[in-house]
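Remarks on the structure that follows.
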Amino acid sequence: MLNKYDILETIRMIQDECLDIRTITMGISLLDCIDPDIDKACAKVYEKITSKAEKLVETGQKIEKEYGIPIINKRIAVTPVAMLASACKGESPVKFALALQKCADTCGVNFIGGYSALVQKGFSAGDIELIKSIPEALAVTDNICSSVNIGSTRTGINMDAVKLMGEIVKESALKTADKNCIGPAKLVVFCNAPEDNPFMAGAFHGVGEPDCVINVGVSGPGVVRSALVKYPDASIDEIANIIKKTAFKITRMGQLVGSRASEMLGVPFGIVDLSLAPTPAVGDSVAHILEAIGLECCGTHGTTAALALLNDAVKKGGVMASSHIGGLSGAFIPVSEDAGMIDAAINGTLKLEKLEAMTAVCSVGLDMIAVPGDITPSTISAIIADEAAIGMVNNKTTAVRIIPAIGKKEGDILEFGGLLGSGPVMPINNKSSEQFIRRGGRIPAPMHSIKN
Amino acid sequence: MKAVITVIGKDNVGILSKVSGICAECHANVIEVTQSVLQDMFAMIMLADISQLEGDFSALVDKMNVLGESLGLSIHTMHEDIFNSMHKI
């Protein structure tokens, strides 16, 4: 029997506390589209994506109506395009980006992710060409996202790729300087990239995945915060329990929507990614949860511990609510997309060094951080290497999505608009890491990678 | 299969009749209503069987939304599954 308080709680969560399904992402394998003739390959890609995802947006809208729950994004993730590009020698992989953009336009999805390469141990055919084409691909398309995996716990860190990615991030910002440097906001550099992540910009469809699959990303920082503010004097144990209960409810909804979408589309259901993904909207901030736990401002002492507690409790609450958990699952801390983080960065409480420490205990990495436009490629590479080291040693996913704000300096604001928000340009350390990055090579995998 | 219809807003003449009128139009059988009026605020939760529904569920949602807008009420029409999955193990 339904209880009226439960009904009203659900409605309050959706209406007042910004509870939503952040994304339904359809993963589509493009391995059967590989062709040495790039035009033929692009035609196959278009044909496959538009036939598989033809009803994705429509289905999402139907589910929204049925359950009265907003589904913010409908997206597609594809096989890393470097694998398709490897067959087409001498051709520019940007053609694939344009073909994917055409698919995005036809299907009406927000983003297609997978303009990607996996180079954690080294470059294979097509990888270098694809990586070098990223700045142009991101400049000539609007809805394509790119990611490059440069390290893992098992393989160590490919420092040649780290060096290259520093240059690519900078070049991508320069190429889109007239569009608020939007290029690098669509580019993620990973260590331990998950193959079933439904969230952008890092989504791609791993080679071990089925031909087509539905993954769902839930969200709900506002709900967690509202639950916590009711208990200003609760002990930390109680706080952890409240977060767990809330995460359970949120994830159950993700499970329901995912299984319904999978049934309606006739595509297997992959995973629920139980992440707390903030948006710039008021009441949808992860920083504000940390503040509700008891910090005056996100970024002050205690932030890392509070985030560790939050991240762990979210996973524990969500894991029983879904048959399969995957993707990034945890708390996101994208600076420009979180109203509380933006404020904390502007008032100087939240600094890059603290964010780096926070990435050791949350689900992702340095995300959506604007840095001064005159940053050198080697400094970007060094930031990537630091993050990758945290991921490699701690057996977790870390990522870097920083945006060199061309023509702007510390204290300025870079406006992206929409879900990407606005980023205060944060100060960086101005001492050089040039020699370290120039060396190239590979950081050996840590001792605990040898598990067998 | 049931739908949960919640109506919240300023009390007025005929709210219950208009909401149940739409249910009847769409062949949704009202099986339970709980309603209260606090001062001048009207709050109602209605449970309707939708297994014999004529037309799409989304058509029912659309009609309720139109009614809600015309009366200045907040009307939510949702499939019961969302509440069952969120609040029951």
Side-chain angles (χ1 to χ4, degrees), chain A residues 1-17 19-21 58-71 216 218 220 223 227 244-264 269 272 274 317-323, chain B residues 1-9 16 19 22-23 26 28-38 41-51 53 55-69 72-89:
Chain A
M1 190 53 228
L2 290 168
N3 173 323
K4 87 174 163 193
Y5 296 102
D6 291 343
I7 292 175
L8 294 176
E9 184 189 22
T10 302
I11 291 174
R12 194 191 64 233
M13 283 177 170
I14 295 169
Q15 194 166 294
D16 303 335
E17 297 165 3
L19 176 62
D20 55 51
I21 297 289
E58 184 192 320
T59 305
Q61 286 163 347
K62 263 195 187 152
I63 297 174
E64 271 183 284
K65 267 211 174 137
E66 198 170 310
Y67 297 127
I69 173 94
I71 301 171
V216 169
V218 296
V223 182
K244 278 197 278 187
K245 283 183 195 160
T246 315
F248 177 83
K249 290 178 183 171
I250 298 172
T251 312
R252 288 284 279 192
M253 205 185 55
Q255 172 78 16
L256 172 72
V257 167
S259 29
R260 185 82 180 109
S262 129
E263 183 190 313
M264 286 167 81
F269 180 27
V272 176
L274 47 101
V319 83
M320 191 178 144
S322 170
S323 41
Chain B
M1 279 205 304
K2 296 183 197 95
V4 176
I5 302 157
T6 61
V7 184
I8 300 170
L16 179 55
V19 173
I22 291 181
C23 288
C26 299
N29 185 24
V30 177
I31 45 182
E32 199 180 321
V33 179
T34 125
Q35 181 205 310
S36 58
V37 181
L38 292 172
M41 284 303 281
F42 176 90
M44 175 177 82
I45 300 174
M46 181 184 269
L47 211 58
D49 187 331
I50 50 166
S51 44
L53 200 67
D56 255 4
F57 185 73
S58 58
L60 174 67
V61 177
D62 286 337
K63 282 186 182 168
M64 289 293 180
N65 289 348
V66 170
L67 177 71
E69 266 168 44
L73 297 165
S74 150
I75 303 186
H76 293 269
T77 313
M78 295 148 90
H79 198 286
E80 64 165 342
D81 281 356
I82 187 165
F83 305 103
N84 289 332
S85 70
M86 260 180 123
H87 300 285
K88 283 185 190 165
I89 297 179

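Any value given below was found using the heavy atoms of this structure, including those in side chains, with hydrogens, waters and symmetry copies removed. Each chain gets a letter, A, B and so on, in the order its sequence line appears, and its residues count up from 1.
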Original post:
Heavy-atom distance under 4.5 Å to chain B: side chain of A:L256, backbone, both or neither?
Top reply: side chain

Original post:
Where on B:T77 is there a heavy atom nearer than 4.5 Å to chain A: the side chain, the backbone, both, or neither?
Top reply: backbone

Subject >> Note, A:I11 side chain near B:M78 side chain (heavy atom, < 4.5 Å) >> reply: yes

Original post:
Looking only at heavy atoms, which of residues 257-264 of chain A get nearer than 4.5 Å to chain B?
Top reply: none

**OP:** Identify which part of B:L60 has an atom lying under 4.5 Å from any heavy atom of chain A, answering side chain, backbone, both or neither.
**Re:** neither

Subject >> Side-chain heavy atoms of A:N3 within contact of B:H87, under 4.5 Å >> reply: no

Subject >> Structural part of B:S85 lying under 4.5 Å from a heavy atom of chain A >> reply: both

**OP:** Return the set of residues passing side-chain hydrogen bond (donor to acceptor under 3.5 Å, both in side chains) with B:H79 (not counting sequence neighbours), or none when no residue passes.
**Re:** none

Original post:
In Å, rounded to the nearest 0.5 Å, how long is the span from CD of A:E66 to CG of B:D56?
Top reply: 9.0 Å

**OP:** Could you pull out all residues at least two apart from A:K65 that satisfy side-chain hydrogen bond (donor to acceptor under 3.5 Å, both in side chains)?
**Re:** B:D62

Original post:
At what distance, to the nearest 0.5 angstrom, does CD1 of B:I5 lie from CD1 of A:I7?
Top reply: 11.0 Å

Subject >> Contact check, side chains of B:I45 and A:L8, non-hydrogen atoms, under 4.5 Å >> reply: yes

Subject >> Proximity breakdown for B:T6 and chain A, heavy-atom pairs closer than 4.5 Å >> reply: side chain

Subject >> Those residues that, when tested against A:K249, pass side-chain hydrogen bond (donor to acceptor under 3.5 Å, both in side chains) (two or more places apart) >> reply: A:E9

Original post:
What part of A:Q255 gets closer than 4.5 Å to chain B, counting heavy atoms only: side chain, backbone, both or neither?
Top reply: neither

